[in-house]
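Since the structure comes first, as structure tokens, the remarks are kept for the end.
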Amino acid sequence: MNETSPEARILRFEGGSAHGPNGIFGAWTVTVDAAGALSMAGQVLGRDVAPRSAALSPGEREALASVLDGLSSLPSRRSTRMGIPGESWLHITAATPRGPTTLELWHGEARALPPVAALLRWIDAAIKTHADHAAAFA
């Protein structure tokens, strides 16, 4: 998998769990660049998933643009609470219409924020479509 330079990325998502009871859904890294090139890699139940690359469809790009627009309403933030056993840590960097946003949140916190929940639904769909794996971030 070719690594996208940080300057060209519009989205980088890292999160999940490759082991334990939540490992069936995996730990994933998903990156999208400004040209709509998607790269993803993951681990499911401790086993590597072959890295995948694809061009986003026009519908996927439109949906992602809407998600990024929603994320622009959130300031960058890092969780200050303790994690819950089995809860995964999510790291998201996004180029939004209002500028860069970095979010480092526990999964439960991320799901409670509507703009981030929309991103998690987009991530789930991208993993299902392009890696043919179930994901359950949303």
Side-chain angles (χ1 to χ4, degrees):
M1 179 170 68
N2 295 333
E3 183 64 24
T4 304
S5 70
E7 306 81 45
R9 286 185 201 139
I10 62 168
L11 174 68
R12 182 166 179 93
F13 169 89
E14 299 171 280
S17 174
H19 303 279
N22 296 325
I24 192 167
F25 299 115
W28 294 91
T29 299
V30 177
T31 304
V32 178
D33 72 14
L38 169 77
S39 300
M40 65 175 60
Q43 278 195 339
V44 177
L45 295 174
R47 294 196 168 144
D48 289 337
V49 174
R52 312 286 170 103
S53 296
L56 293 178
S57 71
E60 288 171 317
R61 289 182 77 166
E62 184 177 313
L64 179 57
S66 177
V67 165
L68 294 175
D69 188 47
L71 285 177
S72 68
S73 67
L74 297 175
S76 293
R77 66 176 75 174
R78 180 181 174 92
S79 179
T80 57
R81 76 161 170 85
M82 297 291 292
I84 298 167
E87 185 177 27
S88 61
W89 181 251
L90 306 180
H91 181 96
I92 301 161
T93 55
T96 73
R98 291 190 183 163
T101 297
T102 300
L103 303 168
E104 295 177 291
L105 303 168
W106 291 106
H107 189 217
E109 293 173 311
R111 289 178 61 185
L113 296 168
V116 183
L119 171 65
L120 297 178
R121 288 189 297 275
W122 189 91
I123 293 289
D124 283 353
I127 291 169
K128 178 64 179 154
T129 299
H130 297 284
D132 197 28
H133 277 273
F137 292 108

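The figures that follow rest on heavy atoms only: side chains count, while hydrogens, waters and symmetry mates do not. In this text, all values refer to a predicted model and were calculated from it rather than measured experimentally.
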Next item on the list: Quick one: closest heavy-atom pair of Leu74 and Pro115, and the distance?
Entry: CD1-CB, 4.1 Å

Check: Quick one: are Gln43 and Val49 in side-chain contact, heavy atoms under 4.5 Å?
Finding: no

Checklist line | Arg61 vs Val32, side chain to side chain contact (heavy atoms under 4.5 Å, CB included): CA-CA, chis, key distance, verdict | finding: CA-CA 10 Å; Arg61 289 182 77 166; Val32 178; over 6 Å; no

Notebook entry, point to check: Between His107 and Trp89, is the ring centre distance below 6.0 Å?
Noted result: no

Notebook entry, point to check: Do you know the tightest heavy-atom contact between His130 and Ala54?
Noted result: ND1-CB, 3.6 Å

Next item on the list: Over all heavy atoms of both residues, which pair between Ser53 and Ser39 is shortest? Give the atoms and the distance, please.
Entry: OG-OG, 3.8 Å

Check: For the residue pair Ala110 and Leu120, what are the closest heavy atoms and their distance?
Finding: CB-CD1, 4.1 Å

Item checked: Nearest-0.5 Å distance that lies between atom CG in Leu119 and atom OG in Ser66 -> 11.0 Å

Checklist line | Test log, rule side chain to side chain contact (heavy atoms under 4.5 Å, CB included), inputs Met40 and Thr29 | finding: CA-CA 5 Å; Met40 65 175 60; Thr29 299; over 6 Å; no

Notebook entry, point to check: Would a distance-only check, ignoring hydrogens and angles, find a side-chain to backbone donor-acceptor pair under 3.5 Å from Asp33 to Ala35?
Noted result: yes

Checklist line | Spacing of CZ belonging to Arg77 relative to CG belonging to Leu105, to within rounding of 0.5 Å | finding: 6.5 Å

Item checked: Least distance between heavy atoms, Ser76 atom then Pro100 atom -> OG-O, 4.1 Å

Item checked: Arg81 CZ to Glu87 CD distance, which is reported to the nearest 0.5 Å -> 4.0 Å

Checklist line | Close side-chain approach of Leu103 and Leu113, heavy atoms under 4.5 Å | finding: no

Item checked: Any donor-acceptor pair under 3.5 Å from Thr129 side chain to Ala126 backbone -> no

Margin query: Give me the atom names and distance for the closest heavy-atom approach of Val67 to Trp122.
Written below: CG2-CB, 4.3 Å

Margin query: Rounded at 0.5 Å granularity, tell me how far CE in Met82 sits from CH2 in Trp106.
Written below: 7.5 Å

Checklist line | side chain to side chain contact (heavy atoms under 4.5 Å, CB included) partner of Leu11, chosen from Thr96, Thr31, Thr93, Ile92 | finding: Ile92

Margin query: Apply salt bridge (Lys or Arg N to Asp or Glu O under 4.0 Å) to residues Arg111 and Glu109 and explain how you reach the verdict.
Written below: CA-CA 6 Å; Arg111 289 178 61 185; Glu109 293 173 311; over 6 Å; no

Check: Does any N or O in the side chain of Arg12 come within less than 3.5 Å of the main-chain N or O of Ile10, such that one atom is a donor and the other an acceptor?
Finding: no

Item checked: Interatomic spacing from CG in Leu56 to CD in Glu62 - rounded to 0.5 Å -> 12.5 Å

Notebook entry, point to check: Once you round to the nearest 0.5 Å, how far does CD of Glu104 lie from CZ of Arg78?
Noted result: 4.5 Å

Next item on the list: Before giving the answer on side chain to side chain contact (heavy atoms under 4.5 Å, CB included), spell out for Ile127 and Trp28 the whole-Å C-alpha distance, their side-chain angles and the decisive distance to 0.1 Å.
Entry: CA-CA 9 Å; Ile127 291 169; Trp28 294 91; 3.5 Å; yes

Margin query: Can you tell whether the side chains of Asp124 and Lys128 come within less than 4.0 Å, N to carboxylate O?
Written below: no

